[in-house]
Amino acid sequence: MPDFLTMISEPRGDYRLLDSGGGRKLEAYGDVRVIRPEPQAMWSPASGDWQADAEFLPGADEDGGGRWEHSSSKAEGKWTLNWEEVSFAAYCTPFRHLGYFPDMAPVWDWMCAAIADKADPECLNLFGYTGVGTLALSAAGARMVHVDASKKSVNAARGNAALSGMEDRPVRWIVEDAAKFAGREGRRGRRYDGIILDPPKYGRGPGGEIWHLEEGLPGLIADCRALLDENSRFCFLTVYAVRLSALAIGGLMEEHFGDLLGKVEIGELAVREEARGRLLPTAIFARWSREG
């Protein structure tokens, strides 16, 4: 059975989980405070007095919908945040998040450490969204391939590269269905030193391709395995669909990576709440890394 770990995003200058409870969370993205729904926060909040610049009010549909309600102008446009060398735009999206996922900070640290001793590494970011993970690995010295089906997301990633002063780094920005791209790369005999993938529960590719997580994930992991070899360093999978178990995706990873030197580990991503130090779980993960 894989080791079970918790990767914790600690409070930092540009992101803090201030309080949580009652199915909501109060966060600070720089000096902008927002309230968002959080079904994992089943406890009571530390404080009954939450002051925020914007709150996302969910719709009746569990899988989406809702709107932002602004109480100040601070959260109405875009503002710049930073992680290490990477700068990126934060903004209130229609999908209730703010253009990046702050719980990924320990993952970025782990991936950068995994390639630290590798000469001229090349890594692949599937479902790369706005590119913060891509730029984190690029800053660590990797040549990057960034793939997302959304042209808007890839343009946002390019914008974040410009904000970071990294627009001339060796990054291939590709608008394509991520699962189709991974399969084709395998047939071409391509290899990578690391792969990060954050597949959505449901998605649609630019050519009308339909993605369902439970149906598509086994084949996608098999395709990712074909892109790695005995000299590769990592594969990191995150899943935000709470109905899946870390044990399930860990078993899938073990099935396809069992022939490679290294180990498979599973666990949860979590953010540490500033008010009480409580850990708020956000996602499950499975990761393979090469030992030695």
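- Using a 4.5 Å cut-off on side-chain heavy atoms (C-beta onward), Leu18 and Arg33 make contact.
- Taking the side chain as every heavy atom from C-beta outward, Glu254 and Pro2 approach each other to under 4.5 Å.
- Atom CD of Glu10 is surrounded by more than 12 heavy atoms from other residues, nucleotides or ligands within 6.0 Å.
- Put simply, the side chain of Arg12 reaches to within 4.5 Å of the side chain of Trp83, judged on heavy atoms.
- A salt bridge links Glu27 with Arg36: at least one charged nitrogen is closer than 4.0 Å to a carboxylate oxygen.
- In the hydrophobic clustering of this structure, Ile195 groups with Leu213; members are Ile, Leu, Val, Met, Phe, Trp, Tyr whose side-chain heavy atoms approach within less than 4.5 Å, directly or through other members.
- Remark: of the listed residues Arg272, Lys25, Arg276, Arg276 is the sole one forming a salt bridge (Lys or Arg N to Asp or Glu O under 4.0 Å) with Asp19.
- Under 3.5 Å, the side chains of Asp198 and Thr238 contain a donor-acceptor pair of N or O atoms.
- No donor-acceptor distance shorter than 3.5 angstrom exists from the side chain of Ser138 to the backbone of Met166, with no hydrogens or angles considered.
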Verdict with supporting geometry, Cys235 and Leu228, side-chain contact (heavy atoms from CB on, under 4.5 Å): CA-CA 8 Å; Cys235 182; Leu228 301 171; 3.8 Å; yes

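- Checking side-chain atoms of Thr93 against main-chain N and O of Leu98 turns up no donor-acceptor pair under 3.5 Å.
- Annotation for Asp53 and Ala75: closest pair CB-CB, 4.2 Å, computed over non-hydrogen atoms.
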Pair Leu269-Val107, side-chain contact (heavy atoms from CB on, under 4.5 Å): steps then yes or no: CA-CA 9 Å; Leu269 301 183; Val107 180; 3.7 Å; yes

side-chain contact (heavy atoms from CB on, under 4.5 Å) evaluation trace for Leu279 with Val271: CA-CA 6 Å; Leu279 295 181; Val271 179; over 6 Å; no

Pair Met104-Val132, side-chain contact (heavy atoms from CB on, under 4.5 Å): steps then yes or no: CA-CA 9 Å; Met104 290 292 290; Val132 182; over 6 Å; no

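- Looking at heavy atoms from C-beta onward, Leu135 lies in side-chain contact with Asn160 at the 4.5 angstrom threshold.
- Residues Leu126 and Phe181 have side chains in contact (heavy-atom distance under 4.5 Å, counting atoms from C-beta outward).
- Under 3.5 Å, the side chains of Asn82 and Glu84 contain no donor-acceptor pair of N or O atoms.
- Ion pairing between a basic and an acidic side chain is recognised when a charged N comes within 4.0 Å of a carboxylate O; Glu185 and Arg187 show no such pairing.
- In this structure the side chain of Ile221 reaches within 4.5 angstrom of the side chain of Leu217, judged on heavy atoms.
- Remark: Arg190 is positioned above the aromatic ring of Tyr192, its terminal NZ or CZ atom under 6.0 angstrom from the ring centre and at most 45 degrees off the axis.
- The two residues Leu220 and Ala179 come nearest to each other via the heavy atoms CD1-CA, 4.0 Å.
- Within the 4.5 Å cutoff, the side chain of Phe236 has no heavy atoms near those of the Trp288 side chain.
- A donor-acceptor pair shorter than 3.5 Å cannot be found between the side chains of Tyr129 and His146.
- The main-chain N or O of Gly207 is found under 3.5 Å from a side-chain atom of Glu209 such that the two form a donor-acceptor pair.
- With respect to Tyr240, the ring pair (Phe, Tyr, Trp, His ring centres under 6.0 Å) criterion is satisfied by exactly one of Phe101, Phe285, Phe95: Phe101.
- Both Leu5 and Leu280 belong to a single network of hydrophobic side chains, linked directly or stepwise wherever heavy atoms of I, L, V, M, F, W or Y lie under 4.5 Å apart.
- Put simply, the side chain of Ser9 gets close to the backbone of Pro102: a donor and an acceptor are under 3.5 Å apart.
- Screening Val239, Leu237, Ile266 for a side-chain contact (heavy atoms from CB on, under 4.5 Å) involving Ile284 leaves a single residue, Val239.
- With contacts defined as side-chain heavy-atom distances shorter than 4.5 Å, the pair Trp79/Tyr29 qualifies.
- The pair Glu265-Arg287 meets the salt-bridge criterion, since a charged nitrogen lies less than 4.0 angstrom from a carboxylate oxygen.
- The shortest heavy-atom contact between Phe234 and Ala114 is CD2-CB, 3.9 Å.
- In this structure, Phe56 and Trp68 have perpendicular ring planes: the angle between them is above 60°, well past the 30° mark.
- Of the charged side-chain nitrogens involved, none lies within less than 4.0 Å of a carboxylate oxygen, so that Glu167 and Arg158 do not count as a salt-bridged pair.
- Taking the charged nitrogens against the carboxylate oxygens, Asp193 and Arg233 have no contact shorter than 4.0 Å, which rules out a salt bridge.
- With hydrogens and angles disregarded, a donor-acceptor distance shorter than 3.5 Å links the side chain of Trp211 to the backbone of Pro200.
- A donor-acceptor pair is defined here as one N or O able to donate and one able to accept, closer than 3.5 Å; such a pair exists between the side chain of Glu273 and the backbone of Ser20.
- Between the Glu38 side chain and the Gln40 main chain, a donor and an acceptor come within less than 3.5 Å of each other.
- When each of Arg290, Arg191, Arg225 is paired with Ser232, the side-chain hydrogen bond (donor to acceptor under 3.5 Å, both in side chains) condition holds for Arg191 and for no other.
- Heavy atoms only, all atoms of each residue included: Ala90 and Leu81 are closest at CB-CD1, 3.7 Å.
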